[in-house]
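Since the model is a prediction, treat every value here as computed from it, not as a measurement. In this chain, numbering begins with 1 at the start of the sequence shown.
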Amino acid sequence: AWTSRLRSRVAAADLHHARAFPARRVQVDFEVRASERQVLLDVLEDVRRGLPRATRLSMTAPASWCDTERWLDHAPVDEIVPMLFRMQEAGDALKNRLAAGGGFRKPRCRSAFAVWTDTPPGRAPRGRRVYLFNPGSWTEADFRRMQAEVEGWR
């Protein structure tokens, strides 16, 4: 059960890591069910409030959310990063649309995207920030392979 105490603990953990590893951008990767959307918005609000003003806040989102979910408009973030991996049945059509230069229906989802090392999209939208996720531990070979693939998208 989601409680205000749990909300505080989650936001505090995010802020702890943001301070321990200072960066210009902090990303929250926290998927929720439809009934828990407000939970995510609340956590993001708490994290936003606790970050230095110069630190940008980013969130990941299943790619389908970036075409269908109006509640994302209320996310207190600078960037929404659609995850282009392990998508459901509409995934191929979406990947093809993006590879052809199309975009997501939500403008806030058009500046970046995320891929996994084990399911790279082959072709990807140009001119966007790329976040790489690895389902295992990173190796130098994984990084170099993905670096070469990402360079091929530019």
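- The CD atom of Glu31 sits 11.0 Å away from the CD atom of Glu36 when rounded to the nearest 0.5 Å.
- In this structure a side-chain-to-backbone donor-acceptor pair under 3.5 Å is missing from Arg37 to Trp71.
- The cluster map of Ile, Leu, Val, Met, Phe, Trp and Tyr, joined by side-chain heavy atoms under 4.5 Å apart, puts Trp116 and Ile80 in different clusters.
- Heavy atoms only, all atoms of each residue included: Arg7 and Arg49 are closest at NH2-NH2, 4.3 Å.
- Between Phe143 and Trp138, the angle of the ring planes goes over 60°, which puts this pair in the perpendicular group of the 30/60° scheme.
- The closest side-chain heavy-atom distance from Val39 to Phe30 is below 4.5 Å.
- The neighbour count for Arg5 CZ, taken as heavy atoms of other residues, nucleotides or ligands under 6.0 Å away, does not exceed 12.
- Taken to the nearest 0.5 Å, the CZ atom of Arg97 stands 4.0 Å off from the CG atom of Asp67.
- Taking the side-chain hydrogen bond (donor to acceptor under 3.5 Å, both in side chains) definition, one finds that Gln38 meets it with Asp42, sequence neighbours left out.
- Between Val47 and the options Val10, Asp14, Val77, a side-chain contact (heavy atoms from CB on, under 4.5 Å) holds for only Asp14.
- Under the side-chain contact (heavy atoms from CB on, under 4.5 Å) criterion, Arg25 pairs with Arg56, Ser58, Glu79, Arg129, Tyr131, sequence neighbours left out.
- Atom-to-atom distance recorded for Met146:CE and Leu132:CG is 5.0 Å, nearest 0.5 angstrom.
- Arg108 CZ to Leu72 CG: the interatomic distance, rounded to the nearest 0.5 Å, is 7.5 Å.
- With values rounded to the nearest 0.5 angstrom, Leu51 atom CG is found 7.5 Å from Arg19 atom CZ.
- Between Asp78 and Arg48 there is a salt bridge, since a side-chain N of the basic residue sits under 4.0 Å from a carboxylate O of the acidic one.
- Distance check: Thr60 OG1 to Trp65 CH2 gives 7.5 Å after rounding to the nearest 0.5 Å.
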